[in-house]
Structure formats: structure tokens, C-alpha cells
2 protein chains.
Amino acid sequence: MDSEGSGPQPTRAPTIYDVAEAAGVAPSTVSRTFARPGRVNSRTAERIRAAATELGYRTTPVAQAPATSRTGMIAVLVSDLANPIHAELLRGAQVAASAAGYGVLVEDTREDAVTERGIAERIVPLVEGVLLSSSRMSDAAIRGIAKQRPVVVLNRGLTDVACVVADEERGTRRAVEHLGEAGHRDLAYVAGPDASWPNGARWRAFSDACHELSLTGRRIGPFDPTFAGGFEAALALSGARATGVVVFNALMAVGVIRGLQQAGLRVPEDVSVVGFDDVLIGQVVSPALTTVSTPLQAMGATALRNLLALVNGARSHGRPVVVPARLMPRDSSGPAPVARSVTRVQ
Amino acid sequence: MDSEGSGPQPTRAPTIYDVAEAAGVAPSTVSRTFARPGRVNSRTAERIRAAATELGYRTTPVAQAPATSRTGMIAVLVSDLANPIHAELLRGAQVAASAAGYGVLVEDTREDAVTERGIAERIVPLVEGVLLSSSRMSDAAIRGIAKQRPVVVLNRGLTDVACVVADEERGTRRAVEHLGEAGHRDLAYVAGPDASWPNGARWRAFSDACHELSLTGRRIGPFDPTFAGGFEAALALSGARATGVVVFNALMAVGVIRGLQQAGLRVPEDVSVVGFDDVLIGQVVSPALTTVSTPLQAMGATALRNLLALVNGARSHGRPVVVPARLMPRDSSGPAPVARSVTRVQ
DNA sequence: GTGAAAGCGCTAACAA
DNA sequence: TTGTTAGCGCTTTCAC
């Protein structure tokens with residue numbers, strides 16, 4: 001049906017001028033038709049649209065950018081694309097962005113603050129807003145970016161900047177209670193990166209909860225927030241006396257489980273493991289991972305919508321958005337081994 | 001150290017005019033300094049750069065876009081961000097893009113050809129090139145896009161468009177040989193989406209290899225290319241006589257393993273399972289997945305570099321880039337069960 | 001080697 | 001409601 005072989009050149013895309021000429025109006029009218037609908041007579045608008053589709057005209061965000069300083073793009077920086085939580089977060093964010101007519105620029109900062117800063121600087125002039133997920137940058141660096149563009153941070157609490165975080169406090173407490181109720185008295189927290197905000201929050205909550213429940217709670221780490229990091233942690237763990245361990249994230253938790261098994265320990269008979277993030281890999285490993293679960297896609301979508309609100313002039317209302325976390329008991333946790341637990345609870 | 005609290009406004013970014021004034025030269029000279037280095041006296045250049053860093057000036061791709069029709073961005077469309085192969089591919093692609101000073105716009109097309117077309121149309125005017133990974137669009141739709149922008153397709157063979165694919169033929173053949181050598185005579189191929197090119201390629205290679213080795217090879221499916229899809233397939237499989245199954249991808253293969261186990265079959269004692277893609281989840285599941293492995297990050301990087309070459313005027317040389325695939329034997333495959341195999345091989 | 005001036009495609013006053 | 005006229009920030013002839 002199409003005319004074909006008109007030439008090897010991709011025939012320069014039609015502009016508002018072409019459309020204007022075809023429709024017999026001024027270019028500015030064409031511009032208004034697309035940029036500010038309603039400000040133009042519906043009859044002319046119709047004629048213009050007809051001409052536009054006829055010629056195959058499409059608005060060109062990058063062309064309107066210099067004039068309006070709107071690029072229609074949002075940058076999302078994630079710490080590690082290989083971590084499945086980011087796939088979820090991103091899906092939520094992308095759907096929300098598309099729905100609002102925005103595009104999403106995804107960058108993987110590879111768990112490195114310096115890389116992250118570099119990427120952020122490169123990307124900031126291109127976008128209208130920045131979503132930082134699990135950022136490893138310093139608070140100061142984040143505030144610096146927030147000075148240039150609206151910013152929402154995900155998985156991190158930070159004053160003066162809009163945040164979306166899970167209820168780490170409550171989620172972690174539930175994990176500790178869960179282990180306590182099963183009779184575990186010696187717990188360990190396997191730490192992720194020091195630069196990770198949730199890592200700090202979880203460790204603090206873990207520590208507090210242990211204290212209140214009169215449990216022993218130590219910390220080991222930091223380890224890489226990856227399967228390999230967890231596997232490595234398991235070595236340290238297998239020499240320790242803890243019978244219940246809480247692990248920074250799901251990837252690590254799976255590594256811990258496999259590492260423990262490798263070392264000849266049974267999960268959960270000898271050691272119970274609880275992780276964070278309800279992702280597929282945790283359901284697939286044997287035993288299936290007991291985990292603290294948060295609605296990742298929803299978090300991504302919420303964060304992006306809040307960012308868009310800021311972009312469109314809303315004022316951040318200070319308080320962070322906290323989404324609920326709940327414990328998903330599965331098979332990696334169970335009663336404390338009788339031989340190792342000193343007392344049974346109550 | 002910084003001046004602070006200069007106001008709530010994000011203080012408009014400096015332009016070449018600001019730099020020009022500060023350096024006592026014309027704006028065009030500043031422009032040249034950054035856009036066409038060498039065309040300007042090294043002394044003046046130095047002075048200009050100094051002023052630029054002083055003011056914190058940064059080139060703004062979107063501002064140079066209207067004048068040069070260069071946006072400095074590449075779009076990467078992936079069929080499903082939740083599939084871990086895409087995290088790998090993307091990492092390779094992003095590193096390659098950053099190295100060349102390009103940004104990557106990632107979009108998740110959610111396994112849907114219509115969604116994918118829509119996204120592609122929206123994104124095309126913004127970018128200089130498009131990388132399509134595991135595209136579900138029709139060949140015609142892809143060629144349509146290729147008419148407007150340089151395109152490289154990943155995981156798909158297609159004439160007239162640059163492609164990067166794994167050696168599906170050889171990889172699949174190795175999987176079948178592996179099962180044949182272990183004494184399996186009745187094989188099954190668990191199919192993924194019809195719109196997936198690797199799915200077709202793998203099924204054809206599977207079928208051919210079975211024929212040549214005098215094995216029985218049936219096909220079941222299509223199923224969703226997800227864990228759930230594989231789990232569902234396992235139900236169909238548990239009623240069949242196949243003792244060796246080749247599964248479209250790793251996610252599905254893991255689903256198949258778990259589904260089979262759920263149905264009371266042992267892997268690999270009763271049924272051997274071989275998948276595609278060497279990703280973490282396949283190593284974590286018990287038994288660890290025997291799989292056909294391809295260098296995903298390298299593929300992503302290669303595809304992106306080839307795309308950049310096209311963007312910079314290179315002519316596509318027709319033939320697809322084929323990267324090697326090899327079999328990673330692990331624990332999900334083993335000797336055929338004696339009771340069920342009619343004959344032993346040799 | 002550098003400056004002046006004219007655009008790139010589009011939007012935004014300002015008149016008409 | 002629509003056309004005219006300046007720009008947005010940058011690049012690029014074309015002279016000097």
C-alpha cells in the first residue's frame with residue numbers, strides 16, 4: 001500500500017511548517033493544535049490533524065525541549081539491574097510514566113557512588129526529574145541534584161527530599177518476632193553495603209527488636225548484596241552459634257541458604273533464614289525463602305507519580321511516603337533446634 | 001564550601017553565552033570548543049574550558065538536538081524486564097553506550113506486539129537508534145522502524161536488518177545430543193511464545209536433531225515464557241512419556257522442574273530438563289539447571305556497538321552476527337530411567 | 001582562528 | 001481564534 005523505494009534517505013520527517021502549508025494555516029496554529037489543544041477552533045484543528053496524519057507528522061519532544069525546557073523524560077537510576085527488585089520497581093515506574101506521557105531513562109549505577117554521581121551529572125540536563133532507587137550517593141550529593149531537578153528517592157529516607165520507603169522498622173521487627181516465636185535466641189543479621197540506607201534501617205530495627213525481646217543479635221558483614229555475597233556470609237555463619245539469621249536482601253538470603261547447605265547445615269532444621277523482598281528466586285530456592293515483602297511495583301509507580309507531581313509544580317510535603325511491609329513465612333524458617341537453643345520461649 | 005541558599009529556584013544552567021562572556025569570546029567559539037575541538041586555538045580553548053568549568057557549564061544534548069538532529073540517545077526495547085537475561089543484555093548495552101557518550105532509554109514492552117509498536121513509535125523521534133531485544137513485532141513492523149532510524153535486533157534473525165543472535169542451531173543440537181547420549185529416546189520441547197524468534201529457531205533445531213539421531217521429539221505449548229508458564233507445562237509433561245525435555249528458556253525451565261517435582265516426579269531421575277540462558281535462578285534451583293549458555297552481556301555490548309556504528313554512518317553488511325552457544329551440564333539432566341527407556345544408546 | 005548572523009523545529013508573547 | 005515575530009541553546013555557514 002505504501003509508496004516505496006522513494007530513496008535510501010530516511011526522507012526528513014515533516015515539520016509543523018509542512019503541515020501548516022498543507023492545511024493553509026500559520027505554523028503557530030499547528031503548534032497550538034498539538035501543544036495547547038482547546039486554544040484553537042475545532043474545525044481548523046480537525047483540518048490540521050488531518051493534514052498532519054496525511055503527512056505523517058509527529059510532535060518532536062526534543063525540538064520542543066529548548067523552547068519549553070520540557071524534555072518529557074525522567075531518569076531512573078538503579079543500583080543494580082541484576083537485582084530483581086529493580087525489574088519490579090521499574091515496571092511500576094515505567095507504566096506510570098508512560099501513562100503520563102513521559103519516557104524513562106534507566107541507568108544502572110553498578111553499586112558505586114562515584115559511577116552514580118557521574119551518571120547523574122550526565123543525565124540531569126536531559127530530564128525533568130530524577131528517581132533514585134537504592135542510591136549509594138551521599139545525602140549531600142543527592143541534595144545537590146535535588147537543587148537542579150525534582151528528585152524522589154526510593155528505598156531511602158532523607159530529609160528535604162521526597163522519599164518512598166518501605167516500613168523497614170515494622171517489617172524487620174516482624175522477622176525478628178517470627179524467629180523469636182519459633183524459639184530462636186541467638187540471631188544474626190547479615191549486612192549489605194554500608195552505603196545502603198535500608199541496610200542501616202534494617203540493622204537498627206533488628207538490633208532494637210532483639211533487645212526488646214531479650215534475644216542475642218549480632219551483625220556480620222558487610223557483604224556484597226548479591227548471591228555470591230550471601231554465599232560468602234554463610235561461611236562466617238556456619239561457625240557462629242546463631243540459629244536464626246536475618247539477611248539484608250533476597251539475593252543474599254538465597255546465597256546464605258545455599259552456602260549453609262554447602263557447609264552441611266540444614267535449613268531450617270539447623271538454621272532458619274529470613275530475607276527481604278519477595279522475588280521469584282526466593283520462591284524457587286529450596287527451602288523457599290521466608291521473607292519480608294513489600295509491594296515493589298506499587299512503590300515504583302508511587303515514586304514516579306510523586307516525582308511527576310513535583311515536576312508539575314507540586315511542593316513536597318516533607319514526610320516520606322511509607323509503604324507497608326509484611327512477613328511472608330515460607331519454608332526457610334522453622335522451630336529452633338532443641339540441641340542448640342538454650343531455652344524455649346515461654 | 002558552596003554558596004548556599006541562593007534561592008528556591010534551581011538557578012538556570014549556564015549557557016554558551018555565559019561562558020562566552022566570561023571568557024571574552026564569541027558564543028560560536030565556545031560552541032566550537034566543545035562541538036568541534038581542534039578548530040579552535042588551543043590557548044583560547046583552554047581559557048574557554050576554564051571559564052566553563054568555573055561556571056559549571058555542561059553541553060546539553062537536547063539543545064544541540066534541533067540544530068544537529070543528534071539527541072545522544074539510543075532506545076532499547078526489551079520484551080520483559082523481569083526476565084533476567086535482559087538485565088545482563090542491558091548492562092552490556094549500557095556500558096557500551098556510556099562509553100560512547102550515549103544514553104540509553106529502556107522500555108519494557110511486556111511481551112506484547114501492540115504495546116511494543118506503540119512504544120516504538122513514541123520513542124523513535126527521540127533517539128538516534130533503536131535496539132530491539134527479543135522483539136515480538138512482525139518483520140514488517142521492524143522494517144518500518146528501520147526505515148526511520150538505524151535498528152539492530154537482538155535475539156532475532158531478520159533479513160535487511162542488522163541482527164545479533166546466538167547460535168541457536170548449535171546450542172539446541174548440543175542439548176539434544178546431550179540427552180541422546182544419556183539414553184533418552186523420547187524427548188519433548190516446551191515452547192515459548194509463537195512470536196518469539198528463538199522459540200522457532202530452537203524448535204526447528206530440536207526437531208531436526210531428534211530426527212537425525214532417531215529420537216522421538218514432540219512439542220508442547222506455547223506457554224508463557226515465565227516461571228508460571230513452565231509450571232503449567234509440567235502438568236502436561238507429567239502425563240507424557242518423554243524422559244528428556246528441552247525448555248524454551250531458563251525461567252520456564254525452572255518452572256518445569258518445580259512443576260514436575262510437585263507432580264511427584266524426580267529430576268533428573270525420572271525426567272531430565274535442559275533449558276536456555278545461563279542465569280542465576282537456574283543455578284539456584286535444585287537440581288541446578290543444565291542449560292544452553294550464551295554470553296549475554298557481550299551480546300548486549302556488541303549489539304549496541306553495531307548500532308552505534310550504523311548511527312555513525314556505517315553500512316550494515318547483511319549477515320547477522322552469530323555468537324556461540326554452549327551447553328552447561330549441571331544437575332537437572334542425567335541418564336534416562338531404565339524402566340522407561342526402550343533401548344540404551346549403543 | 002574567530003566573530004556575525006542565520007537557522008534547527010518548536011513555543012510563546014503580542015497584535016490583529 | 002489566528003498570524004506575526006521573537007526567541008530557546010546550540011551549530012554552522014560565511015566573511016573578516
Side-chain angles (χ1 to χ4, degrees), chain A residues 9-49 51-52 55-73 101 124-128 148-149, chain B residues 9-49 51-52 55-73 101 124-128 148-149:
Chain A
Q9 310 301 345
T11 43
R12 194 183 54 70
T15 74
I16 47 170
Y17 292 90
D18 302 319
V19 178
E21 184 169 358
V25 296
S28 52
T29 308
V30 178
S31 170
R32 276 190 285 259
T33 308
F34 295 105
R36 214 166 296 289
R39 277 234 216 272
V40 60
N41 185 311
S42 56
R43 319 204 32 134
T44 18
E46 210 161 317
R47 198 148 43 90
I48 291 173
R49 285 186 197 287
L55 299 180
Y57 168 79
R58 326 221 55 208
T59 62
T60 324
V62 338
Q64 43 196 110
T68 56
S69 71
R70 289 201 60 249
T71 64
M73 288 195 295
V124 153
L126 286 177
V127 300
E128 293 180 49
Q148 310 176 61
R149 289 286 188 281
Chain B
Q9 308 303 344
T11 44
R12 197 182 53 68
T15 73
I16 46 169
Y17 292 90
D18 302 318
V19 179
E21 185 169 357
V25 298
S28 50
T29 308
V30 178
S31 171
R32 277 190 282 259
T33 308
F34 294 106
R36 215 164 292 293
R39 278 238 217 268
V40 60
N41 186 312
S42 56
R43 319 202 34 130
T44 15
E46 210 160 318
R47 196 149 41 90
I48 290 173
R49 287 186 195 287
L55 299 180
Y57 168 79
R58 327 220 56 207
T59 62
T60 324
V62 342
Q64 42 198 116
T68 56
S69 69
R70 288 200 62 248
T71 64
M73 288 196 294
V124 153
L126 285 178
V127 300
E128 294 181 51
Q148 309 176 63
R149 290 286 187 282

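Residue numbers begin at 1 in each chain, while the letters A, B, ... track the order of the sequences. Excluded from the calculations below are hydrogen atoms, water molecules and symmetry mates; all remaining heavy atoms, backbone and side chain alike, are included.
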Is [X] touching bases, backbone alone, or none of the nucleic acid, heavy atoms closer than 4.0 Å?
{"X": "Val62(B)", "value": "nothing"}
{"X": "Val25(A)", "value": "sugar-phosphate"}
{"X": "Phe34(A)", "value": "nothing"}

*What are the two closest heavy atoms between Pro125(B) and Thr60(A), and how far apart are they?*
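Looking at all heavy atoms of both residues, the shortest contact is O-CG2, 4.2 Å.
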Taking the side chain of [X] as heavy atoms from C-beta outward, which of [options] is closest to it?
{"X": "Pro66(A)", "options": "dC8(C), dG3(D), dC8(D)", "value": "dC8(D)"}
{"X": "Val40(A)", "options": "dC10(C), dT2(D), dT2(C)", "value": "dT2(D)"}
{"X": "Thr68(B)", "options": "dG3(D), dC8(C), dT12(D)", "value": "dT12(D)"}
{"X": "Ala67(A)", "options": "dC8(D), dG1(C), dG3(D)", "value": "dC8(D)"}
{"X": "Asn41(B)", "options": "dG3(C), dG1(C), dC10(C)", "value": "dG1(C)"}

To the nearest 0.5 Å, tell me how far [X] [atom1] sits from [Y] [atom2].
{"X": "Glu128(A)", "Y": "Ser69(A)", "atom1": "CD", "atom2": "OG", "value": "7.5 Å"}
{"X": "Thr15(B)", "Y": "Arg58(B)", "atom1": "OG1", "atom2": "CZ", "value": "15.0 Å"}
{"X": "Asp18(B)", "Y": "Leu55(B)", "atom1": "CG", "atom2": "CG", "value": "6.5 Å"}

*Could you tell me whether the side chain of Arg43(B) has a donor or acceptor atom within less than 3.5 Å of a complementary atom in the base of dG1(C)?*
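Not at all, since no donor on one side and acceptor on the other fall under 3.5 Å apart.
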*asked:* Tell me whether the side-chain N or O atoms of Tyr17(B) pair up with the base of dC8(D) as donor and acceptor below 3.5 Å, since no angle test is needed here.
replied: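 Checked by distance alone, the answer is no.
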Nearest whole Å is fine: how far is [N] [atom2] from [X] [atom1]?
{"X": "Asp18(A)", "N": "dC10(C)", "atom1": "CG", "atom2": "C1'", "value": "13 Å"}
{"X": "Glu128(A)", "N": "dC8(D)", "atom1": "CD", "atom2": "P", "value": "19 Å"}
{"X": "Arg32(A)", "N": "dT11(C)", "atom1": "CZ", "atom2": "P", "value": "11 Å"}
{"X": "Glu21(A)", "N": "dG9(C)", "atom1": "CD", "atom2": "C1'", "value": "16 Å"}
{"X": "Arg39(A)", "N": "dA13(C)", "atom1": "CZ", "atom2": "P", "value": "10 Å"}
{"X": "Ile16(A)", "N": "dG3(D)", "atom1": "CD1", "atom2": "C1'", "value": "13 Å"}
{"X": "Tyr57(B)", "N": "dC10(D)", "atom1": "OH", "atom2": "C1'", "value": "7 Å"}
{"X": "Glu46(A)", "N": "dT2(D)", "atom1": "CD", "atom2": "C1'", "value": "18 Å"}

*Going through the distances and angles, do Leu126(B) and Met73(A) end up as a side chain to side chain contact (heavy atoms under 4.5 Å, CB included)?*
CA-CA 10 Å; Leu126(B) 285 178; Met73(A) 288 195 295; 4.2 Å; yes
Phosphate contact ([N] OP1 or OP2) by [X] side-chain N/O below 4.0 Å:
{"X": "Thr44(A)", "N": "dT1(D)", "answer": "no"}
{"X": "Ser31(B)", "N": "dT11(D)", "answer": "yes"}
{"X": "Arg36(B)", "N": "dT12(D)", "answer": "yes"}
{"X": "Gln64(B)", "N": "dT11(D)", "answer": "yes"}
{"X": "Ser28(B)", "N": "dG3(C)", "answer": "no"}
{"X": "Thr60(B)", "N": "dC10(D)", "answer": "yes"}

_With a 4.5 Å cut-off on side-chain heavy atoms, are Arg47(A) and Val25(A) touching?_
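With C-beta onward as the side chain, the pair touches.
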*Between Ala63(B) and Ala26(B), just flag the one whose closest nucleotide in DNA chain C comes earlier from the 5' side.*
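Nearest nucleotide further toward 5': that of Ala26(B).
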